[in-house]
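Please read the structure below before turning to the comments.
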Amino acid sequence: MSPEEFLALARDAGALLEGHFLLSSGLHSPRYFQCARLLAHPDVATRVGEALGRQAAGLGVDVAVAPALGGILVAHEVARALRVRALFAERDASGELTLRRGFSIEPNEKAMVLEDVVTTGGSLRETMEVVRAHGGTVIATGALVDRGKEPARFDDLPFFSLTRLDVPVYDPSACPLCQSGSTAVKPGSRPKKQRSA
Ligand SMILES: [Zn+2]
């Protein structure tokens, strides 16, 4: 699946919006990506998971592992493609990522750690540590979308994604979209109707 094909699926699903958005951080952006809206379509989720999983075929992955919540469906679909099991780590009361629900990783099992979207990669990195703490070996990493300023890289491991996505953000005082006269809207809200004269 090419990056263009992936982005077309995202646009069709309403997961990738273009315009002038007010983000929850207070910053403005011409793009908004909400991966959950893409994965809301099970057939699409399977397709993108297969495309991502195919890139890691042949590495000998035994288990796909993701941080909750965003990565769960991605790990599940990649695991379907690779015919391995899918686990997720979740935060306990102290905020630490941990395997619960009786999930286990056998010593020396080879794991692929996955996210939906990687920006700084913090949760993915933490999940790698969870795998290692259980005696597993992380052999690959991946995300549907790499949103980082620089291409994502985790240790010296292979990293797979379906696209890189540049999402510029602006302080409202320096936003070129504001300067051109448009008004930022919250993603998902309808643009205000122009009142006819
Ligand atoms: Zn703006």
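Order of listing sets the numbers, starting from 1, for every ligand and every atom in it. For the single chain, residues carry numbers from 1 onward in sequence order.
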**Report entry** Salt-bridge present (R85, E109; N to O < 4.0 Å)
**Finding:**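 Yes, this pair counts.
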Report task. State whether R132 and D155 are salt-bridged, where the test is any N-O pair (Lys NZ or Arg NE/NH1/NH2 against Asp/Glu carboxylate O) under 4.0 Å. Result ->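 Counted as a salt bridge, because a side-chain N and a carboxylate O are separated by less than 4.0 Å.
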**Report entry** For the Zn ion (ligand 1), every protein N/O/S atom that sits closer than 2.8 Å, waters excluded
**Finding:** H20 NE2, H28 ND1, C175 SG, C178 SG
Query - Residue pairs, two or more places apart or on separate chains, that pass salt bridge (charged side-chain N to carboxylate O under 4.0 Å, His left out) and touch residues 119-128 - result: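 Every salt bridge (charged side-chain N to carboxylate O under 4.0 Å, His left out) pair that includes a residue of residues 119-128, provided the two are not neighbours, is R91-E126.
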Report task. Mind jotting down which residue pairs meet the side-chain hydrogen bond (donor to acceptor under 3.5 Å, both in side chains) criterion with at least one end in residues 30-40? Sequence neighbours excluded, please. Result -> E18-R31
Report task. Could you list all the side-chain hydrogen bond (donor to acceptor under 3.5 Å, both in side chains) pairs where at least one residue sits in residues 53-76, not counting sequence neighbours? Result -> E50-R54
Requested in this report: May I ask you to test the L97-T127 pair for a side-chain heavy-atom distance under 4.5 Å?
Outcome: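 Yes - at least one pair of side-chain heavy atoms lies under 4.5 Å apart.
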